[in-house]
Every structure is written in C-alpha cells, then in structure tokens.
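Have a look at the structure below before the remarks.
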2 protein chains.
Amino acid sequence: MGRPRTFEVEEALDAALGVFWRQGFEGTSYADLVAATGVERPALYSAFGNKEALFLKALDRYGSHYGNYVWEAVNLETARAVATRVLKGAVELNTRFADRTGCFGINGALAGSDDSEASRQALIKWRADGEAVLRDRFERAKNEGDLPADADASVLAAYILAVAHGMAVQAKAGFSRERLTAIARQALCAWPQA
Amino acid sequence: MGRPRTFEVEEALDAALGVFWRQGFEGTSYADLVAATGVERPALYSAFGNKEALFLKALDRYGSHYGNYVWEAVNLETARAVATRVLKGAVELNTRFADRTGCFGINGALAGSDDSEASRQALIKWRADGEAVLRDRFERAKNEGDLPADADASVLAAYILAVAHGMAVQAKAGFSRERLTAIARQALCAWPQA
DNA sequence: CTCATTACGTAATGAGCGTTACGTATCTGG
DNA sequence: CCAGATACGTAACGCTCATTACGTAATGAG
C-alpha cells in the first residue's frame with residue numbers, strides 16, 4: 001500500500017557506500033550523498049534513517065559485498081594458503097576502484113571528532129571480528145599440525161592484518177597493485193614453516 | 001616593537017598538534033583548538049595563518065619532534081638494525097600518548113572531503129619521504145653486502161612501513177604496546193639473511 | 001470513487017563551521 | 001610622554017551542515 005519507491009534501495013546504498021569509502025563519515029555531506037545516489041535528502045532519511053544509520057548500513061553492505069575476503073579465506077586448506085589469500089584479497093580490494101582506494105573499514109576508523117565516535121567504534125568492531133576469525137582459523141591449524149605448536153595464532157592473525165591495513169594506507173597513497181603484491185609476497189616470508 | 005605575545009607559540013602549536021593527531025584535520029574545529037591551546041581564535045590566525053597553514057605547521061613539528069624515528073634509525077649499522085629500530089619506534093610512538101594513539105601522519109591521511117585534499121597530500125608526501133630515506137639506506141646496505149644482492153630495497157622499505165602503518169591502525173583500535181611489539185617481532189621474521 | 005497510506009521534492013530550521021572587522025590594551029622608539 | 005605598531009578578546013560575518021515540516025503525487029483496499 002502507499003506510493004511505491006521510485007529508486008532502488010540497494011543501488012542507492014551502494015552509491016552512498018562509495019562516497020563514504022572515499023571520504024569517510026565526517027568528510028561526507030548530504031549534498032555528496034544526494035549527488036551520488038540521485039535521491040533527495042528526505043527520501044534518504046526515510047529509507048535509511050539518519051547519517052549514522054546510513055553509514056552503518058553501508059558498512060554492513062561493505063562487509064557482505066566487498067570486505068568479506070577474510071571470511072572466505074579461512075575455508076582454504078592450510079594456514080599459509082589462508083594468509084596468502086587474505087593478503088591477495090586485500091591487495092585486490094584496495095586497488096579495485098581507482099576512485100576509492102584503500103579500505104572502507106580503515107579509511108573511516110582513524111580520525112574524527114566526537115560526533116563520529118559511534119561510526120568509528122563500529123569499524124573497530126568490524127576489524128576485530130575479522131581478526132578473531134583469522135585467529136581461530138590459525139588455532140585450528142595448530143591442532144591440525146598445519147602450524148608449529150609454538151606458533152602464536154593470535155599474533156599471526158594480527159600480523160597478517162597489520163600488513164593488510166598497512167597496504168590499505170599505501171593504496172590510499174597511490175600504490176599500484178603490482179607494488180602491493182610485492183609487499184605481500186615479502187610479508188609471507190615471515191610465515192612459519194609447518 | 002608592538003605589544004608582545006602573551007602565549008608561547010611552540011606550546012600552542014604542540015597543543016594544536018595533539019588535537020589534530022587525535023581528530024584529524026576535518027574532525028578538528030577552532031572551538032577544539034581554542035580549548036586545547038587556551039588561545040583565542042584571532043590570535044591563532046595571526047600566529048599561524050588559517051586552519052590549513054596551522055595543520056601544516058603541526059605536521060612540521062610532528063616530523064621534527066615525534067615522527068623522526070625513521071630518520072634516526074637509518075644511522076644504525078646494519079639494515080636489520082634499521083628495520084628493527086623503525087618498527088620499535090613506531091610501536092613506541094603509536095602508544096606513547098593514551099589520548100592520541102596511532103600516527104598523526106596516517107590518522108589524517110585517509111578520508112576526508114575535497115576541502116582537506118591539501119593536508120592529505122602533505123601527509124602522503126611526508127610518508128613517501130620516509131620511505132625514500134629507508135629505501136636509500138637499504139640500497140646502501142646491498143652495496144655494503146649487508147643485504148643480499150638480490151634483495152629489493154624498495155620493496156623492503158615499503159614492507160617495513162606497511163607493518164608500521166598497520167600497527168598505527170591497530171594502535172588506534174586500542175592495541176597494547178606488548179601486542180604491537182609481538183607483531184613487530186613476527187614481521188622481522190621476514191627479514192632476509194645477510 | 002474514496003480514503004488511508006506511503007513517497008516525493010521544496011524549502012526551511014537551528015546549530016556549528018572557518019574566518020575576520022573592530023575597538024581596546026600593551027609594548028618600544030623617539 | 002607621545003606615536004606607531006602589534007596583540008588582545010568580543011562579536012559578528014556568510015556559509016554549510018544534518019535534519020525535518022509540509023504540501024503534493026501516487027498507490028492499493030474497500
């Protein structure tokens with residue numbers, strides 16, 4: 001009942017995600033969002049709630065449509081393959097779109113006034129979730145003899161993600177995919193022998 | 001001649017640096033700067049110019065008073081010692097102040113509207129300068145036989161800084177100094193044998 | 001056809017932003 | 001002790017921000 005929507009909600013959300021990806025939470029204004037989505041302000045409010053809610057919905061979409069490479073990688077057979085895939089996924093995603101390089105989850109997580117604290121906490125949680133998944137996977141690898149018994153799964157997970165995050169920063173600074181790939185290869189030299 | 005200043009310029013600059021460090025360029029308002037420095041707006045303008053100029057001066061001060069560990073590290077004797085010191089310096093700086101964790105040069109570099117593009121470019125340049133210094137040092141190490149002849153100095157420099165940047169992100173997410181130290185130790189396992 | 005319901009775009013709201021004009025206060029050189 | 005110069009705080013400027021009230025348009029149910 002009632003008048004039907006004249007725009008695709010998922011399409012608009014994806015466009016908004018792109019703006020947040022490039023400019024972060026505070027750096028994005030409703031004028032930017034209207035320009036990117038082609039949807040007027042009140043329609044954005046009625047579809048997504050306020051700016052913070054819209055950002056959180058965009059983060060959700062990012063997690064399920066773009067930044068899910070960690071959750072996919074843990075299905076691989078060996079810990080080394082998992083680590084390799086995570087770094088490869090990071091390189092690929094960080095350089096996939098020339099107009100929004102780096103990682104959505106990191107670009108917005110670092111600086112900002114108190115107004116953006118909620119968004120920042122959501123991004124920190126998202127990051128921590130990925131790390132926990134990776135740690136559990138490496139813990140399993142130790143039980144399976146895939147990693148040495150004295151390996152620290154928690155440190156290895158944090159290490160791999162540190163490299164991934166560092167590459168996200170470098171991607172934002174304009175690093176090419178080839179350069180990031182070389183860095184990832186170098187990073188994997190630190191991987192413990194089974 | 002004329003009425004003398006009633007505040008210490010360097011002191012005020014350091015206070016402003018602290019705010020930019022925590023909140024980034026866009027996330028910092030003049031209300032924040034006045035509160036932190038104890039200096040009224042017009043006095044900040046007359047002493048430092050506008051917000052962008054003040055930010056650039058703060059970046060200068062950061063580079064000379066805080067983020068100079070790369071430039072110090074390259075004086076050490078071996079490439080491995082240099083890499084170790086860079087990572088140790090990053091850990092130390094990223095966790096030195098509980099109220100402004102992470103790296104000034106990275107917190108502000110990632111997201112933002114077009115208004116902050118100049119500040120972002122300055123930070124990107126600062127990062128690239130550090131990388132160049134590190135690369136040159138590793139290049140020298142190759143000539144001195146300190147690094148294998150087939151080592152890629154450029155990739156090694158980028159790798160070490162990727163880890164440093166990643167740790168800065170993690171520091172912002174609340175990682176302890178001990179945890180970051182463990183990550184740095186893991187990262188150095190990738191270092192080539194002489 | 002009527003009506004409740006929902007979405008639409010226009011245009012406005014109050015708050016906060018970066019920036020500065022202005023009058024006053026305090027210094028030094030003559 | 002006056003004149004020129006500089007710094008001071010108050011208070012305002014124009015602009016943009018996120019948010020929303022409101023009248024209109026479009027739908028489906030009865």
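To find a chain, count down the sequence lines: A is the first, B the second, and so on, and within it residues start at 1. For the numbers below, each heavy atom of this structure counts, side chains included, while hydrogens, waters and symmetry mates do not.
- A heavy atom lying under 4.0 Å from DNA chain D marks none of the residues of residues 118-126 of chain A.
- Here D/dT16 presents its P atom at 18 Å from CD of A/Glu26, a figure rounded to the nearest Å.
- One N or O on the side chain of A/Arg177 and one on the backbone of A/Glu92 form a donor-acceptor pair closer than 3.5 Å.
- Under the Watson-Crick and G-U wobble criteria, each requiring two contacts below 3.5 Å, nucleotide D/dA26 is paired to C/dT5.
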Using the side chain to side chain contact (heavy atoms under 4.5 Å, CB included) rule, take A/Ser46 and A/Arg5 through it: C-alpha gap first, then chi angles, then the decisive distance, then the call.
-> CA-CA 11 Å; A/Ser46 83; A/Arg5 283 222 161 76; 3.9 Å; yes
Any N/O pairs under 3.5 Å between the protein and nucleotides 6-10 of chain C? List them or say none.
{"residue": "C/dT6", "atom": "O2", "partner": "A/Arg3", "partner atom": "N", "Å": "3.1"}
{"residue": "C/dA7", "atom": "O4'", "partner": "A/Arg3", "partner atom": "O", "Å": "3.3"}
{"residue": "C/dC8", "atom": "OP1", "partner": "A/Thr6", "partner atom": "N", "Å": "3.3"}
{"residue": "C/dC8", "atom": "OP1", "partner": "A/Thr6", "partner atom": "OG1", "Å": "3.2"}

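- A salt bridge links A/Lys125 with A/Asp129: at least one charged nitrogen is closer than 4.0 Å to a carboxylate oxygen.
- Proximity of B/Asn50 to the phosphate of C/dT19: a side-chain N or O atom is located under 4.0 Å from OP1 or OP2.
- Salt bridge absent: A/Arg140 and A/Asp136 never bring a charged side-chain N and a carboxylate O closer than 4.0 Å.
- Summarising the geometry, the separation between CD on A/Gln23 and P on D/dA18 is reported as 11 Å, rounded to the nearest angstrom.
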Scan the side chains in residues 184-194 of chain A for donor-acceptor partners under 3.5 Å anywhere in the protein, sequence neighbours excluded, and list what turns up.
{"residue": "A/Gln186", "atom": "NE2", "partner": "B/Ala190", "partner atom": "O", "Å": "3.0"}

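- Classified by interplanar angle (parallel below 30°, tilted 30° to 60°, perpendicular above 60°), the ring pair A/Trp21/A/Tyr62 is perpendicular.
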Please determine whether salt bridge (charged side-chain N to carboxylate O under 4.0 Å, His left out) holds for the pair B/Glu52 and B/Arg120, giving the CA-CA distance in whole Å, both sets of side-chain angles, and the decisive distance to 0.1 Å. CA-CA 11 Å; B/Glu52 191 172 295; B/Arg120 196 156 46 249; over 6 Å; no
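- With hydrogens and angles disregarded, no donor-acceptor distance shorter than 3.5 Å links the side chain of A/Asn68 to the backbone of A/Trp71.
- When only modelled atom types and interatomic distance are considered, A/Arg22 and A/Thr28 share no side-chain donor-acceptor pair under 3.5 Å.
- Against DNA chain D, the stretch residues 11-21 of chain A makes no heavy-atom approach under 4.0 Å.
- Partners of B/Glu11 according to the side chain to side chain contact (heavy atoms under 4.5 Å, CB included) rule, which considers only residues two or more places apart in sequence or in another chain, are B/Glu8.
- Within residues 27-35 of chain A, the residues approached by DNA chain D to less than 4.0 Å at the level of any non-hydrogen atom are A/Thr28, A/Ser29, A/Tyr30, in residue-number order.
- Per the geometry, OH belonging to B/Tyr45 stands 7 Å off P belonging to C/dG18, to the nearest Å.
- With respect to the salt-bridge test (charged N to carboxylate O, under 4.0 angstrom), the residues A/Arg135 and A/Glu139 do not qualify.
- Note: CG (A/Asp114) to C1' (D/dA18) measures 17 Å, nearest angstrom.
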- Show the numbers, then the answer: is there a ring pair (Phe, Tyr, Trp, His ring centres under 6.0 Å) between B/Phe55 and B/Phe48? CA-CA 9 Å; B/Phe55 182 86; B/Phe48 304 110; over 10 Å; no
I would like to know whether B/Ser154 and A/Arg179 meet side chain to side chain donor-acceptor pair (under 3.5 Å); could you show each step before the answer? CA-CA 9 Å; B/Ser154 173; A/Arg179 193 153 167 68; 3.0 Å; yes
